[in-house]
Amino acid sequence: MPIADTSRLPSIREPRPIRFLLVAGTLLYLGAFIFLPLVQVLVMALSKGWKVYAAAIVEPDALSAIWLTLGVAAVTVPLNTVFGVALAWAIAKNPCRGRRLIATLVDLPFSVSPVIAGLLFVLLFGRQGWFQPWLEQHDIHVIFAFPGLVLATLFVTSPFVARELIPLMESQGHEEEDAARLLGASGWRTFWSVTLPNIKWGLIYGVILCNARAMGEFGAVSVVSGHIRGRTNTLPLHVEALFNEYNFAAANAVASLLACLALVTLVVRAAAEWRVRQQRAAAERNRDEH
Amino acid sequence: MILGLTMMYLGLVVLLPLSTAILKGATLDGSAFWAAVASPRAIASYKLTFGAAFLAAALNAVMGLLVAWVLVRIPFPGRRLVDALVDLPFALPTAVAGIALAQLYAPDGWIGRFLAPLGIQVAYQPAGVFVALVFIGLPFVVRTLQPVLEELDPALEESAICLGASRGVTFAKVIFPALAPALLTGFAMAFARGLGEYGSVIFIAGNLPMKSEIASLLIVTRLEQYDYAGAAALATVLLSMSFIMLLVINSLQSWSRSRYANR
């Protein structure tokens, strides 16, 4: 992150002791409220040794939770990625009226409580739901089954890729695409060899956030899952079940898997953000030259 | 055509489910709806949810300003690492945050054991809701303020100081007004998130009806009792609050856009 170069301007810099206090205050606050919970989970996970840790993770219910979580992410992340790219492309490259409105609609799931997101699908497909008679006729289970988990996760994670790409693509404009089309490239060709390379890092960033949320979602999934051990419990729900049984070592062990996922997400995010900033700066330089 | 397809997807995945909740809430007749959303238990849960979300967002507005200021203005070793870790609440699954906070603030936990002799109990109390929402809300304030602080023209501060203003006056009259729209936006975002937060709260809150039960948990309870209409009615209340907050945030954002574009 670039930092305002205040070194040449001693007049607007805080005096040394004050700067020290400000940094200390920041680190204390972040330490107590943000970092300590992460450390807590990792330490508690290993508090009873590696054997207990490994046993908690290879136990059949935990393994089935891992597979279920991976399965849900494997369906939702690609779907929302395609949707996100298409939507960002449609909004940013073909400016139309009402794009602000569309962008707001895309963000809607962020402002809805995850519990309500889950509830929506129970109301649609649950026992008194609108589609229930039809689903019963065809013996399809949505709520308390895999499809319900997928739908709730789709809803909750749908904004991530799009909201990452819309500002990026808007800042890049469409001159490069126009040039490619003028030179005779087809729409697909233009997309694959011009648009996609330009948005690569923003896309990776959006996908990794989408994936983190898909694997870590709790509220929405908890409402539609039914909490059947070994069948419909995803990793976060398995953590909840273990914790509520006072099986703290196992709960923390399984939670530590999710915590590691969060750390990987942050690393990729930091790397991608740096690249996005570079690309945006390059795009702005290009535009200034024209 | 691509726009059409994506709008269809958006409609199926997001808008259709959303409209059902509102319709379902509307199928209750007036008095039943009122009984569901205005029962003493529901009122108590709104008070707790709003109160805790407001206080947590307020604390985060103050501390977020400090954090953003330090991350942008003061170089120190490890600054990039700290900067990356500010996003932890975005990336860490809420259930993981929930069990971590519950253990930290339990009477024998790393933080709780220091609070217990002082007679302060956080875990399994309404205060636990506040602590969880502080964790969840911080990045909203910091990430909204950071870009604005980076763009802030040092020349403005320098001229204020050259004209004889003290640092305190410079901050109050030059820096703070420039940051205010972004600060309010961050506050509103943290508050809005706090209203709907579920995962990180339920582990630490204790979840006693009338005392430490948040509104989203009451919805889940109603669902578990197969009171679908009651759950939908409560959801309608929370949804309308979220939409109001969304409107507030959008207008705050366009206010700050016009504010920063004019300079």
Side-chain angles (χ1 to χ4, degrees), chain A residues 1-4 6 9 11-12 19 22-23 25-26 29-30 33-38 40-41 44 83 86-87 89-90 94 104-106 108-109 111-116 119-124 128 130 154-155 158 212 216 218-219 223 236 239-240 243 251 255 258-259 262 265-266 269-270, chain B residues 2-3 5-6 9-10 13-14 17-18 20-21 24 63 66-67 69-70 72-76 82-85 87-89 91-97 99-101 103-104 110 134-135 138 150 154 157-158 161 192 196 198-199 203 216 219-220 223 228 231-232 235 238-239 242 245-246 250:
Chain A
M1 196 151 292
I3 178 163
T6 49
L9 309 160
S11 60
I12 67 161
R19 263 188 294 155
L22 291 177
V23 173
T26 297
Y29 185 77
L30 291 177
F33 277 105
I34 310 289
F35 307 154
L36 210 52
L38 178 70
Q40 166 92 58
V41 165
M44 291 297 277
F83 161 71
L87 187 90
W89 185 85
N94 316 298
T104 309
L105 287 179
V106 170
L108 261 185
S111 37
V112 172
S113 168
V115 167
I116 295 179
L119 170 72
L120 301 178
F121 292 98
V122 174
L123 293 179
L124 274 176
Q128 306 162 13
W130 292 1
L154 268 185
F155 178 93
S158 60
F218 179 77
V223 171
V239 170
E240 182 198 23
F243 191 80
L258 291 167
T265 305
L266 288 185
R269 177 173 184 161
Chain B
I2 288 183
L3 186 64
L5 282 176
T6 54
Y9 181 89
L10 190 69
V13 171
V14 176
L18 265 178
T20 57
K24 185 84 183 182
M63 295 311 284
L66 171 70
V67 173
W69 182 272
V70 166
V72 173
R73 289 293 187 94
I74 306 179
F76 63 94
V82 173
D83 187 62
L85 281 176
D87 278 332
L88 192 66
L92 195 68
T94 50
V96 180
I99 69 163
L101 291 169
Q103 294 174 89
L104 275 177
W110 291 356
V134 167
F135 175 84
L138 183 75
E150 277 164 18
E157 287 167 63
E158 285 169 308
I161 288 184
Y198 176 71
F203 292 96
S216 346
I219 296 180
V220 174
L223 261 182
Y228 286 23
L238 267 195
L239 270 180
S242 304
M245 285 312 295
L246 190 67
N250 270 355

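Order of the sequence lines sets the chain letters (A, B, ...), proteins ahead of strands, with each chain counted from 1.
The side chain to side chain donor-acceptor pair (under 3.5 Å) check on Tyr29(A) picks up Asn60(B), with sequence neighbours excluded. The side chain to side chain donor-acceptor pair (under 3.5 Å) check on Gln103(B) picks up Asn252(A), with sequence neighbours excluded.
Residues Val96(B) and Phe218(A) have side chains not in contact (no heavy-atom distance under 4.5 Å, counting atoms from C-beta outward). At a threshold of 4.5 Å between non-hydrogen side-chain atoms, the residues Phe121(A) and Pro17(B) count as touching. Counting heavy atoms from C-beta outward, Leu66(B) and Val70(B) have side chains that approach closer than 4.5 Å.
Thr6(B) places no side-chain N or O within 3.5 Å of a backbone atom of Leu87(A) that could act as its donor or acceptor partner.
Ile99(B) touches chain A through backbone and side chain together, each having a heavy atom under 4.5 Å away. In this structure, chain B has a heavy atom under 4.5 Å from the side chain of Ile116(A), while its backbone stays farther away. Residue Leu5(B): no heavy atom, backbone or side chain, is found under 4.5 Å from chain A. Leu246(B) touches chain A through its side chain: at least one heavy atom from C-beta onward sits under 4.5 Å away, while N, CA, C and O do not. Of the atoms belonging to Phe76(B), it is side-chain heavy atoms, and not backbone ones, that fall under 4.5 Å from chain A. Both the backbone and the side chain of Leu258(A) come within less than 4.5 Å of a heavy atom in chain B. Within the 4.5 angstrom heavy-atom criterion, atoms from both the backbone and the side chain of Asp87(B) approach chain A. Both the backbone and the side chain of Phe155(A) come within less than 4.5 Å of a heavy atom in chain B. Looking at Val223(A), the atoms closer than 4.5 Å to chain B (heavy atoms on both sides) all sit in the side chain, from C-beta outward. When heavy atoms are compared at a cutoff of 4.5 Å, Ala192(B) does not approach chain A at all. Using a 4.5 Å cut-off between heavy atoms, Ile34(A) contacts chain B through both its backbone and its side chain.
Of the residues considered (Val14(B), Val82(B), Leu92(B)), Val14(B) shows the highest number of contacts with chain A, using heavy-atom pairs under 4.5 Å. When the candidates Pro89(B), Ala97(B), Ser216(B), Ala84(B) are compared by the number of heavy-atom contacts under 4.5 Å with chain A, Ser216(B) comes out ahead. Interface summary for chain B: among Pro109(A), Gly25(A), Ser158(A), Ser111(A), the most heavy-atom pairs under 4.5 angstrom belong to Ser111(A). Note on Ala259(A), Ala270(A), Ala86(A), Ala212(A): by heavy-atom pairs under 4.5 Å with chain B, the leading option is Ala86(A).
Ring pair Phe243(A)/Phe203(B) is perpendicular by interplanar angle, where above 60° counts as perpendicular and below 30° as parallel.
The two residues Leu85(B) and Phe35(A) make their nearest non-hydrogen contact at CB-CE2, 3.3 Å.
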- Item | Derivation of the side-chain contact (heavy atoms from CB on, under 4.5 Å) call for Leu138(B) and Phe33(A) | CA-CA 9 Å; Leu138(B) 183 75; Phe33(A) 277 105; over 6 Å; no
- Task: Please step through side-chain contact (heavy atoms from CB on, under 4.5 Å) for the pair Tyr9(B) and Phe83(A), ending with a clear verdict.
- Result: CA-CA 7 Å; Tyr9(B) 181 89; Phe83(A) 161 71; 3.0 Å; yes
